[in-house]
Protein chains: 2
Amino acid sequence: MILALQRATHATLHALAVRLAGLNLTASEINVLANLADGRTRSIGELGSDTATKPTTLTSVLDRLARKGYVTRELDPADRRSFRVSLTADGRGVAGAARAAAEDLERTALAEVSDADLAGFRAVARALAEVSG
Amino acid sequence: MILALQRATHATLHALAVRLAGLNLTASEINVLANLADGRTRSIGELGSDTATKPTTLTSVLDRLARKGYVTRELDPADRRSFRVSLTADGRGVAGAARAAAEDLERTALAEVSDADLAGFRAVARALAEVSG
DNA sequence: TATTGTTATACTCTATAACTATA
DNA sequence: TATAGTTATAGAGTATAACAATA
C-alpha cells in the first residue's frame with residue numbers, strides 16, 4: 001500500500017516535471033504557484049501549511065520565484081513581522097499553465113478509472129494523510 | 001487529486017520516519033531494506049528499479065547501510081561488472097522491524113476504510129504510476 | 001562498443017538552531 | 001516573552017556527465 005502510494009507520487013511528479021520542463025520549475029515551486037493560483041494573498045506561514053513545506057524551504061523557493069518575477073513579498077501592514085505573498089501577472093500565467101498540465105495529466109491517467117474507484121482513492125488518501133496528525 | 005496524493009505520501013513517510021526514529025534510517029534506506037526483506041539477492045540495477053531510486057543515490061544509500069552492517073555487496077561471479085546485494089543477519093532484523101512498522105501503520109490508518117475503497121485506491125494508484133512509463 | 005556501477009559536481013529539500021524585527 | 005521569517009550549517013536525494021572495469 002505504502003509502496004504503491006510512493007510509486008504513484010514519484011511517477012506523477014516526474015511526469016509533471018517532464019511536461020513542465022520548459023518552464024524550468026521544481027516540484028516545490030510548482031506547488032507554491034498552484035496554491036497561489038486562486039489569487040488569494042497568503043502569509044509565509046499559511047503557504048507553509050498549504051503546501052506542506054518548511055519555512056526554511058519556502059524562503060529559498062520564494063527567493064527563486066521572486067527572482068524569476070513570478071511572485072512578490074510585501075510587508076503586512078497589520079503585522080510587520082510577516083509578509084503577504086502574491087502572484088505577479090507573469091506568475092499567474094505560469095501558475096495557470098502548471099495547473100492545466102496537472103489537470104491534463106489527471107484526465108489522461110484516470111480516463112479509464114470509475115467514479116467509485118476515484119471515491120475510494122480519495123477516502124484512502126485522506127485516511128493516510130491523517131495518520132501523521 | 002495529485003495534491004491529495006502528495007499529501008498522503010508526505011504524511012505516511014513522516015509517520016513512518018517517526019515510528020522508526022530509533023533505528024536512525026532514512027526513507028530510502030528503509031525502502032531498500034524492505035525490498036531486500038524477502039531474502040532474495042539483487043543486483044544494484046534490479047534494486048534501482050524495485051525501489052525507484054537512481055544508481056547514483058543507491059551507491060550512497062548502500063554505502064551507509066554497509067557501514068552500519070546491514071547489507072553486503074559481493075561481486076557477481078557470473079558478471080564481474082555487477083554486485084549481488086544481500087542483507088546481513090542484523091539487516092534482516094532491522095528490515096523486519098521496518099516492515100512491521102509499515103504494516104502496523106497501514107492497519108491503524110485504514111481500519112475504517114472499506115475493501116471497495118481500498119480496491120479503488122489501488123486502481124487509481126496503478127493508473128497514476130503508469131503515466132510516467 | 002555497450003553496460004555496470006562509482007565518482008564528481010551542482011542543485012534542491014529537510015532539520016535544527018541562532019538570529020532579527022516586530023508584537 | 002513569544003512569534004514571523006531569515007540565515008547558517010549539515011545531511012540526503014536527484015540529475016548529469018565522466019570514468020574504470022568488464023562484457
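The chains referred to below are lettered A, B, ... by the order of the sequence lines, with proteins before strands, and numbering in each begins at 1.
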For this session: Answer yes or no: is there an ion pair linking B/Lys68 with B/Asp90, defined by an N-O contact shorter than 4.0 Å?
Result: no

Exercise. Between A/Thr56 and A/Ala27, which has a closest nucleotide on DNA chain C that is more 5'?
Worked result: A/Ala27

Problem set entry | A/Arg80 side chain near C/dT20 phosphate (N/O to OP1/OP2, under 4.0 Å) | no

For this session: Please state how far atom CD in B/Glu74 lies from atom C1' in C/dG5, giving the value in whole angstrom units.
Result: 16 Å

Seminar exercise, completed: Nearest-nucleotide check on DNA chain C, A/Ala78 vs A/Thr57; residue mapping nearer the 5' end is A/Thr57

Exercise. In terms of the nearest nucleotide of DNA chain D, which residue is placed more toward the 5' end: A/Ser82 or B/Asp79?
Worked result: A/Ser82

For this session: Kindly say whether A/Val71 contributes a backbone atom to a donor-acceptor pair with the side chain of A/Arg73 at under 3.5 angstrom?
Result: no

For this session: Test for a donor-acceptor pair under 3.5 Å between the base of D/dA4 and the side chain of A/Thr59, counting only N and O atoms.
Result: no

Exercise. Is there a donor-acceptor contact under 3.5 Å linking the side chains of B/Ser86 and B/Thr72?
Worked result: yes

Exercise. Within less than 4.0 Å of OP1 or OP2 of C/dT14, is there a side-chain N or O belonging to B/His10?
Worked result: yes

Problem set entry | Rounded interatomic separation in angstrom, taking CZ from A/Phe83 and P from C/dT20 | 16 Å

For this session: Quickly work out the B/Arg42 CZ to C/dG5 C1' distance and round it to whole Å.
Result: 18 Å

Exercise. For DNA chain D, whose closest nucleotide is more 5', that of A/Leu62 or that of A/Arg81?
Worked result: A/Arg81

For this session: May I have the distance from B/Leu58 (atom CG) to D/dT14 (atom P), rounded to whole angstrom?
Result: 9 Å

For this session: Check whether any side-chain nitrogen or oxygen of A/Lys54 sits under 4.0 Å from OP1 or OP2 of C/dA15, and answer yes or no.
Result: yes

For this session: Using atom CD1 of B/Ile44 as one end and atom P of C/dT3 as the other, report the distance to the nearest whole Å.
Result: 18 Å

Problem set entry | Interatomic distance where CG belongs to A/Leu47 and P belongs to D/dG5 [whole Å] | 10 Å

Problem set entry | Integer-rounded Å distance: C/dT12 P and A/His14 NE2 | 17 Å

For this session: Consider the side chain of B/Thr26, meaning its heavy atoms from C-beta on, and name the nucleotide among D/dA15, C/dT14, D/dA12 that approaches it most closely.
Result: D/dA12

Exercise. Between the main-chain N or O of B/Ala127 and the side-chain N or O of B/Glu130, is there a donor-acceptor pair closer than 3.5 Å?
Worked result: no

Seminar exercise, completed: When rounded to whole Å, the CG to P distance for the pair A/Asn24 and D/dA15 reads 15 Å

Exercise. Taking only side-chain nitrogens and oxygens of B/Arg64, does any of them come within less than 4.0 Å of OP1 or OP2 of D/dG13?
Worked result: yes

For this session: Indicate whether the side chain of B/Thr53 and that of B/Ser28 have a donor and an acceptor atom separated by less than 3.5 Å.
Result: no

